[in-house]
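Excluded from the calculations below are hydrogen atoms, water molecules and symmetry mates; all remaining heavy atoms, backbone and side chain alike, are included. Residue numbers run from 1 in the order of the sequence given. Being a predicted model, the structure only gives us computed values, none of them experimental.
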Amino acid sequence: MVNKDSNDNNKNEKKLRHFPDGDSPITGILLAGMILILAGLLIMLFVRSFDKSAATHDASADLQQKITDYADEQKQKDIVDIPQTDKVDPPKNIDKNEATVSENKTAVVVDEEDENDVSYSKEFILKEMAPYFEANNLEAVWDLAHLKRYVKLSEGLKGSDTYYYLGDVDSDGNPHGEGLAIYEDNTYYYGSWSHGLREGNGRWCRFYINASDKITNNKKYQSHSYAGEWKNDLPNGEGAEHYDIDITKLKQDERIIQNVVGNFTDGLYDDHMFANTVNYAGTVEEWYGIAKNGVFKSWEDIGKRGEYCAWQNKDDDKAYIVINKVDNSNQGMRELLDHISEK
């Protein structure tokens, strides 16, 4: 009995420890693990979603920055630097078509100017032109000289023994050093001075604007100039004489002297000289001459031709430029000399 009861008690104890099939400890552990896994997955999804949102925001910000940078870059490309020059600003109310210059350098002055405008003072005009003479910009000098304000200023000196000057002076107020002068007849000198006289290196030029004398009334001569050494107010030393010529005004059998280079004494050809001529077709020929104080030595006996053979062709020693006997004197810068002798 005792043994049986003991067995029954053991059976009861066993029954008391028996659990239903779904509620075992292993199952509980698995469920807990699955819950943790699911929670981890949810956390990961949330984190990834947050990161994606942040990345999208960053990408959007980067794109916006790139667009801004591109816009700035394009804006920079649209900026054009305006070069700065030392050119004098033109006076107000100036017509840009004030003077029209053709290929042959013929100018017609047509505009109206206010003579009381301070912009057209003598000082302004000389200061405007001087830098171009200094830079040897003869095209700019030509253009300026044909403007009405320059023509008018020079015209105001007609018949006088005066000129307007801008530059260095000595203790007595006379031109001394470097300076620019404007005279009557659209004539200029820029260069060295010594106590009121042109001396040293300088350039003289006259522009034939609306001129009607015997030299310029056919319009083939447009300007006359000399550049070189000066002394006692005249060309003295090595220098070059030059004419601007409109070859369309020349006849088919005509050639004229355009340049003469050599030694000058008081404005006259003196010693060995070199020249070139041009004809209606623009053909240039070179010539030699020998002069003494403005008088040419003839290359052939004067008795054979009755004229002076003043210039000999460089390439053909039997070809000459001849001048009349009465003209064989004061050969040189005759226009400058005649102008001075009238004073």
Could you tell me whether the side chain of Asn330 reaches within less than 4.5 Å of the side chain of Leu268, counting heavy atoms only? yes

I'd like to know whether the aromatic ring centres of Tyr163 and Tyr189 sit less than 6.0 Å apart in this structure. no

Side-chain contact, heavy-atom cut-off 4.5 Å: Gln222 with Ile245? no

Could you walk me through whether Tyr132 and Glu139 pass the side chain to side chain contact (heavy atoms under 4.5 Å, CB included) test, one step at a time? CA-CA 9 Å; Tyr132 296 104; Glu139 290 293 329; over 6 Å; no

Answer yes or no: is there a side-chain heavy-atom contact under 4.5 Å between Pro235 and Leu336? yes

Can you hop from Leu234 to Leu197 via hydrophobic side chains spaced under 4.5 Å? no

As a quick check of understanding, evaluate side chain to side chain contact (heavy atoms under 4.5 Å, CB included) for Gln331 and Ile323, giving each step before the final call. CA-CA 11 Å; Gln331 292 287 320; Ile323 60 175; 4.2 Å; yes

Residues Asp185 and Lys158 bridged, charged N to O under 4.0 Å: yes

Nearest heavy atoms of Glu307 and Ser298, plus distance in Å: O-OG, 4.4 Å

Donor-acceptor pair, side chain of Gln258 and main chain of Asn276, under 3.5 angstrom: no

Count I, L, V, M, F, W, Y as connected when their side-chain heavy atoms are under 4.5 Å apart, and connections chain through other members. Are Val295 and Tyr269 then in the same cluster? no

Report the relative orientation of the aromatic rings in His146 and Phe207; use parallel for angles under 30°, tilted for 30 to 60°, perpendicular for over 60°. perpendicular

Qualifying residue, where the test is side-chain hydrogen bond (donor to acceptor under 3.5 Å, both in side chains) with Trp287 and the options are Thr277, Asn313, Asp315: Thr277

Going by heavy atoms in the side chains, are Asn186 and Tyr150 under 4.5 Å from each other? no

Do Tyr190 and Phe124 belong to the same hydrophobic cluster, where Ile, Leu, Val, Met, Phe, Trp and Tyr are linked whenever their side-chain heavy atoms lie under 4.5 Å apart, directly or via other members? yes

Tyr221 and Tyr208: aromatic ring centres closer than 6.0 Å? no

Taking all non-hydrogen atoms of both residues, which atom of Cys309 and which atom of Glu300 are closest, and how far apart? SG-CB, 3.9 Å

Indicate yes or no: at least one non-hydrogen side-chain atom of Val151 is less than 4.5 angstrom from one of Leu153. no

Arg198 side chain reached by Asp233 side chain, heavy atoms, under 4.5 Å: yes

To the nearest 0.5 Å, how far apart are CD in Glu335 and OH in Tyr226? 15.0 Å

Looking only at heavy atoms, which two atoms of Glu178 and Trp193 are closest? And how far apart? C-CD1, 4.4 Å

Is there a donor-acceptor pair under 3.5 Å between the side chain of Tyr288 and the backbone N or O of His272? no

For the residue pair Phe133 and Tyr188, categorise the inter-ring angle as parallel (less than 30°), tilted (30 to 60°) or perpendicular (more than 60°). tilted

Quick check against the 3.5 Å criterion: does Asp170 have a side-chain atom that pairs as donor or acceptor with the backbone of Asp172? yes

Nearest heavy-atom neighbours spanning Trp230 and Arg203: NE1-N, 4.3 Å

Measure the CD1-OG distance between Ile209 and Ser223 for me, rounded to the nearest 0.5 Å. 9.5 Å

For Glu123, side-chain contact (heavy atoms from CB on, under 4.5 Å) partners two or more places apart: Ser121, Lys127

Which atoms form the tightest heavy-atom contact between Phe296 and Gly289, and what is the distance? CE2-CA, 4.3 Å

I need the minimum non-hydrogen distance between Trp299 and Ala310, along with the two atoms involved. NE1-O, 3.3 Å

Between Glu184 and Gly159, is there a donor-acceptor pair closer than 3.5 Å when you use the side chain of the first and the backbone of the second? yes

CD on Glu128 to CG on Leu166, rounded to 0.5 Å: 12.0 Å

The test is side chain to side chain contact (heavy atoms under 4.5 Å, CB included); show your working for Met273 and Phe264 and say whether it passes. CA-CA 9 Å; Met273 308 299 292; Phe264 292 76; 4.2 Å; yes

Test side chain to side chain contact (heavy atoms under 4.5 Å, CB included) applied to Arg149 and Ile125, step by step: CA-CA 8 Å; Arg149 59 180 176 270; Ile125 291 174; 4.1 Å; yes

Less than 3.5 Å apart, which donor and acceptor atoms pair up between the side chains of residues 250-257 and the rest of the protein, not counting sequence neighbours?
from   : atom 1 : to     : atom 2 : distance (Å)
Glu254 : OE1    : Lys251 : N      : 3.0
Glu254 : OE2    : Lys220 : NZ     : 2.5
Arg255 : NE     : Glu285 : OE1    : 2.9
Arg255 : NH2    : Glu285 : OE1    : 3.0

If only side-chain N and O atoms count, and only distance matters, is there a donor-acceptor pair under 3.5 Å linking His242 with Asn259? yes

Does a donor on one side chain and an acceptor on the other come within less than 3.5 Å for Glu241 and Ser225? no

Would you check if the side chain of Asn236 reaches a backbone N or O of Thr265 as a donor-acceptor pair within less than 3.5 Å? no

Which value, rounded to the nearest 0.5 Å, describes the distance between Asp161 atom CG and Tyr183 atom OH? 10.5 Å

